[in-house]
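On a predicted model such as this, the values are computed, not experimentally measured, just so you know. Note on naming: letters A, B, ... go to the chains in the order of the sequence lines (proteins, then strands), and numbering restarts at 1 for each one.
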2 protein chains.
Amino acid sequence: MSGSQNTSMTIGSLAKAAEINVETIRYYQRLGLMTEPEKPLGGIRRYDEDALARLRFIRRARWLGFSLEEIGELLKLEDGTHCDEAKALGERKLGNVRDKIRSLQQIEGVLDQLVEECCTQKDNVTCPLIASLHEGFEAVTP
Amino acid sequence: MSGSQNTSMTIGSLAKAAEINVETIRYYQRLGLMTEPEKPLGGIRRYDEDALARLRFIRRARWLGFSLEEIGELLKLEDGTHCDEAKALGERKLGNVRDKIRSLQQIEGVLDQLVEECCTQKDNVTCPLIASLHEGFEAVTP
DNA sequence: CTTATCTCCGTAGTCGACTACGGAGTCAAG
DNA sequence: CTTGACTCCGTAGTCGACTACGGAGATAAG
């Protein structure tokens, strides 16, 4: 919705915009995560905002520990897969994502407490990180 | 705090308990993520619950997309690093974790909506995944 | 028209994180 | 005291995810 003029980039400017190596984009194309746009008669391919959004999504998802294969599945959800199939997949992925959130929140809690208490306590040499981990850490999936 | 009898395992049973390959444990030891316990005079090393908790933590953190190097830093927080140093590190890591949580929550929201709406809408062929991504996805770090 | 800077595409190399191998030593059960 | 399963330890191989290379063609600026 917001104003964008530069629909249509070369792979180079796309790479710069997404902060991803050109070679990596080409690698993703080979894997089928990105589609190669048509090449105009021995010319140079052009990319649009969708390609950019997709790349950013991939980058973010990688950062969150999803494999390229899993990311492929996530992306299939927005490409016209058959609906019920997509729904099932989406639900699985959603569970996955929620597990990760829960795990991260546990780590967050522990870290937060750690930072709080860190310099307050003097006698307890071992910080309470692992101790806390013992308790709350059997619940979630990995 | 809870009752545990089997303090003292061999590397094999430790591996089984943590659901991690023996070789992987040895690899972590080489990297310094796990310490090798003393070997009793040409005998066999023994591991305790702490080692197990540590391994589980590593596994979980890996699953959440942290590199072994980052995990090393997280673990340093509970080994007696100097406090202010640890605190700074902890705060950085905390920010990191919170970014991940936020990212995952965005994905969660999008996936959730997707699953909801998936079979309801008929005319809109492209599911709203990427569309939503466009909007909310500039905020967080990766 | 030239020159610099891309793009294209295939192939090869790197890096992090494992995973396997193999031979010598250890231990527990029978 | 043997046998089978396991440990120890060094080295080597694999796999996923990039990253680099190099030569031929395209395009834009001067």
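Taking the side-chain contact (heavy atoms from CB on, under 4.5 Å) definition, one finds that Arg46(B) meets it with Ser8(B), Thr10(B), sequence neighbours left out. For the side chain to side chain donor-acceptor pair (under 3.5 Å) test, residues two or more places apart in sequence or in another chain that qualify with Arg45(B) are Glu36(B). Residues passing the side chain to side chain donor-acceptor pair (under 3.5 Å) test with Gln105(B): none are found, sequence neighbours excluded. For Ala51(B), the side-chain contact (heavy atoms from CB on, under 4.5 Å) test picks out Leu14(B), Met34(B), Tyr47(B), Asp48(B), with sequence neighbours left out. Considering only residues two or more places apart in sequence or on other chains, Ala61(A) meets the side-chain contact (heavy atoms from CB on, under 4.5 Å) condition with Phe66(A), Ile71(A).
Residues Ile44(B) and Ile11(B) do not share a hydrophobic cluster, defined by chaining ILVMFWY side chains whose heavy atoms lie under 4.5 Å apart.
Within the structure, salt bridge (Lys or Arg N to Asp or Glu O under 4.0 Å) pairs that include any residue of residues 10-32 of chain B comprise Glu19(B)-Arg59(B) (at least two apart or interchain).
A close approach under 4.0 Å does not occur between any side-chain nitrogen or oxygen of Lys39(B) and OP1 or OP2 of dT26(C). Between dC6(C) and Thr10(A), no contact under 4.0 Å exists linking OP1 or OP2 to a side-chain N or O.
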Write down the protein N/O and nucleotide N/O pairs, taken from nucleotides 1-3 of chain C, whose separation is under 3.5 Å; answer none if there are no such pairs.
none

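The closest donor-acceptor contact from the side chain of Glu70(B) to the backbone of Ser67(B) lies under 3.5 Å. With Lys100(A) contributing its side chain and Leu64(A) its backbone, the two residues share a donor-acceptor pair below 3.5 Å.
Considering only heavy atoms from C-beta on, Leu75(B) comes within 4.5 Å of Ile58(B) through its side chain.
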Pairing string, 5' to 3', for DNA chain D - Watson-Crick or wobble contacts under 3.5 Å, brackets [ ] where pairs cross, | to another strand: ||||||||||||||||||||||||||||||
Summarise how protein sits on nucleotides 23-30 of chain D as a single string, 5' to 3': B when a protein heavy atom is under 4.0 Å from the base, S for sugar-phosphate-only contact, - for no contact. ---SS---
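Of the residues in residues 15-30 of chain A, Asn21(A), Glu23(A), Thr24(A), Tyr27(A), Tyr28(A) come within less than 4.0 Å of DNA chain D through at least one heavy atom, sorted by number.
The distance between atom CG of Leu31(B) and atom P of dC15(C), rounded to the nearest whole Å, is 16 Å.
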